[in-house]
J.: 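Can you read through this structure? Questions will come right after.
Lettering follows sequence order; numbering is per chain, from 1. These numbers come from a predicted model, not from an experiment.
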2 protein chains.
Amino acid sequence: MVRTKMGSNIDVEICEQTIIHKDVVQKVSKAMSNDEDLENVADLFKIFGDRTRIRLLRALYQSEMCVCDMAYLLDMTQSAISHQLRILKQAKLVKNRKEGKVVYYSLADQHVMQILVQAYDHIKE
Amino acid sequence: MVRTKMGSNIDVEICEQTIIHKDVVQKVSKAMSNDEDLENVADLFKIFGDRTRIRLLRALYQSEMCVCDMAYLLDMTQSAISHQLRILKQAKLVKNRKEGKVVYYSLADQHVMQILVQAYDHIKE
DNA sequence: CTTTCATTTGAATAGTTGCTCATATATTTC
DNA sequence: GAAATATATGAGCAACTATTCAAATGAAAG
């Protein structure tokens, strides 16, 4: 959070091998070791980082839907949709319920969509 | 936003090929056609969806840093770091300034980190 | 029981990606 | 100018991923 001025922090004139600003590295290293699991956020973003899955989440934000409807909506095969829904379900982003032969999917919770919307706002600047 | 009850919306008894709930699909399709570019969010998330890049952003959130310091901090080669910084810069997530031989990177804006933090909160539930 | 249909699943494939290695560029110092 | 150093860059490679295709489930209907 505190932005240090670089010009005054060069305490190691010539880097031994790769490190130049020893104090900065130590400070940042200490701050980063506190909550390690922030890095697991990458796994969540990896799931968001696919056009098909974003479209699916967005569709389900509007309404609960069955697999074949989503396939029609996105103009993709049922198999492809089913594969992606499996990934979304494993990540606990969607849930499903069965009604006869038809399986209906919906968002696991509303909070998920807030992350998408905020990212959307960021892009529009 | 409005969750419709599925059981009462089956207006097409037998699906022609793949579509079952015509009205739902039409409604969702209409809602999704409004702001197309929400789907471009996937590109932003694709960048967030990498452990190394998340760690870099997190480090730069603490302090401006040069390439070799980041390489030392993350225990990776300078080349690998440089490649990732290039991706982050193309996405306008970081900026850099040159001072002699050394190139210092920093976050392009603070808003970026808010998205990460919110995702982090979501994971912790 | 057989057929039909919605969905799932696994293997195969084409495309993408993150890293490494070698090399190039740019700047300082001698 | 030559050597040293910080960074950037491009090719190559191994690992991963999204889709397709074929086949398997599982439930309803005849």
Side-chain angles (χ1 to χ4, degrees), chain A residues 6 10 12-21 24-25 39 42-43 45-56 64-91 94-105, chain B residues 6-7 10 12-21 24-25 39 42-43 45-56 64-91 94-106:
Chain A
M6 270 300 166
I10 305 178
V12 181
E13 300 81 11
I14 307 296
C15 64
E16 164 201 341
Q17 261 195 339
T18 47
I19 188 169
I20 295 185
H21 309 90
V24 174
V25 172
E39 296 166 6
D43 292 329
F45 285 129
K46 211 168 285 178
I47 291 170
F48 286 153
D50 179 79
R51 202 166 187 274
T52 300
R53 287 193 288 266
I54 292 286
R55 296 176 79 201
L56 284 174
E64 176 188 58
M65 294 181 87
C66 73
V67 178
C68 77
D69 283 345
M70 286 185 267
Y72 179 87
L73 179 69
L74 303 193
D75 194 26
M76 294 176 63
T77 65
Q78 287 188 6
S79 180
I81 299 296
S82 184
H83 276 297
Q84 295 302 338
L85 286 172
R86 187 168 173 271
I87 293 173
L88 290 174
K89 198 189 174 191
Q90 280 179 333
V94 303
K95 60 188 176 187
N96 58 5
R97 71 183 172 84
K98 203 165 187 178
E99 195 171 288
K101 285 177 292 189
V102 183
V103 178
Y104 294 101
Y105 282 82
Chain B
M6 270 300 165
I10 303 178
V12 181
E13 299 81 13
I14 306 295
C15 63
E16 163 201 342
Q17 261 194 338
T18 46
I19 188 170
I20 295 185
H21 310 88
V24 173
V25 172
E39 295 167 7
D43 292 329
F45 285 130
K46 210 169 284 179
I47 292 170
F48 286 153
D50 178 78
R51 202 167 187 275
T52 300
R53 288 192 288 268
I54 292 286
R55 295 176 81 200
L56 285 174
E64 178 188 57
M65 294 182 87
C66 73
V67 178
C68 78
D69 283 346
M70 286 185 267
Y72 180 86
L73 179 68
L74 302 194
D75 194 25
M76 294 176 63
T77 65
Q78 287 187 8
S79 179
I81 298 295
S82 184
H83 276 296
Q84 294 302 337
L85 286 172
R86 186 168 172 270
I87 293 173
L88 290 174
K89 198 191 173 191
Q90 280 179 334
V94 303
K95 60 188 176 189
N96 58 5
R97 72 183 173 83
K98 202 166 185 176
E99 197 171 286
K101 286 177 293 190
V102 183
V103 179
Y104 295 100
Y105 282 82
S106 58

J.: Picking from D:dA6, C:dT8, C:dT9, which would you name as closest to the side chain of A:Q78?
T.: C:dT8
J.: As a test of reading the structure: which of C:dT7, C:dT9, D:dA11 is closest to the side chain of B:H83, going by heavy atoms?
T.: D:dA11
J.: State, yes or no, whether a side-chain contact exists between A:Y105 and A:L88 at a heavy-atom distance under 4.5 Å.
T.: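 Sidechains of A:L88 and A:Y105: no contact.
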J.: Select one nucleotide: of C:dC19, D:dA28, D:dT7, the one nearest the side-chain heavy atoms of B:V67.
T.: D:dT7
J.: Is any side-chain nitrogen or oxygen of B:Y105 closer than 4.0 Å to OP1 or OP2 of D:dA8?
T.: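 Yes, within the criterion.
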J.: If you measure from CD on B:Q84 to CZ on B:R55, what distance do you get to the nearest 0.5 Å?
T.: 12.0 Å
J.: The side chain of B:C68 lies closest to which of these nucleotides: D:dG26, D:dT7, C:dC19?
T.: D:dT7
J.: What about B:S79, does its side chain sit under 3.5 Å from the base of D:dT9 through a donor-acceptor pair?
T.: yes
J.: Below 4.5 Å, heavy atoms only, C-beta onward: do A:L56 and A:M65 meet side chain to side chain?
T.: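 When only atoms from C-beta onward are counted, A:M65 and A:L56 do not touch, as no gap falls below 4.5 Å.
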J.: For the pair B:Y104 and A:H21, name the ring-plane relationship: parallel under 30°, tilted 30 to 60°, perpendicular over 60°.
T.: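 The arrangement is tilted - the two ring planes meet at 30° to 60°.
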J.: Side chain of A:T52, base of D:dT19: donor and acceptor closer than 3.5 Å?
T.: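 Such a pair does not exist between side chain and base.
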J.: Starting at CZ of B:R97 and ending at P of C:dT27, how long is that distance when rounded to a whole Å?
T.: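 In whole Å, C:dT27 P and B:R97 CZ are 15 Å from each other.
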J.: Rounded to the Å, how far apart are A:R86 CZ and D:dT19 C1'?
T.: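 Taking CZ of A:R86 and C1' of D:dT19, I get 15 Å after rounding.
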J.: What nucleotide among D:dA28, C:dG18, D:dA18 has an atom nearest to a side-chain atom of B:R53?
T.: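 Of the candidates, C:dG18 comes closest.
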J.: Pick the closest DNA chain D nucleotide for A:M76 and for B:A80 by heavy atoms, then say which residue is nearer the 5' end.
T.: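 Whichever sits nearer the 5' end wins; that is B:A80.
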J.: Closest to the B:Q84 side chain: C:dC19, D:dT7, C:dT27?
T.: C:dC19
J.: Given atom CZ of B:F45 and atom P of C:dT16, what is their separation to the nearest angstrom?
T.: 22 Å
J.: Expressed in angstrom and rounded to an integer, what is the separation of A:I47 atom CD1 from D:dA18 atom C1'?
T.: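 Value for this atom pair: 14 Å.
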J.: Which part of the nucleic acid, if any, lies within reach of B:K89 when heavy atoms closer than 4.0 Å are counted: base, sugar-phosphate only, or nothing?
T.: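 Result for B:K89 = nothing.
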J.: I need the minimum non-hydrogen distance between A:K46 and A:R53, along with the two atoms involved.
T.: O-NH2, 3.3 Å
J.: Without decimals, in angstroms, what is the distance between B:D75 CG and C:dT20 P?
T.: 10 Å
J.: Calculate the interatomic distance between A:L56 atom CG and D:dT19 atom C1'; express it in whole Å.
T.: 13 Å
J.: Given C:dA6, D:dG26, D:dT20, which nucleotide is nearest the side-chain atoms of A:K98?
T.: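 That would be D:dG26.
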J.: Judged by each residue's nearest nucleotide on DNA chain D, which is more toward the 5′ side, A:D50 or A:G100?
T.: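 It is A:D50, whose closest nucleotide lies nearer the 5' terminus.
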J.: Given side chains that start at C-beta, do those of A:E64 and A:R97 come closer than 4.5 Å, heavy atoms only?
T.: yes
J.: Round to a whole Å and report the spacing from CD of A:E99 to C1' of D:dA28.
T.: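 So the CD-C1' distance, A:E99 to D:dA28, works out to 13 Å.
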J.: Between C:dT8, D:dG26, C:dG18, which nucleotide gets closest to the side-chain atoms of A:S82?
T.: C:dT8
J.: If I take atom CD1 in residue B:I54 and atom P in nucleotide C:dG18, what distance separates them, rounded to the nearest angstrom?
T.: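 Those two atoms, CD1 and P, are 12 Å apart.
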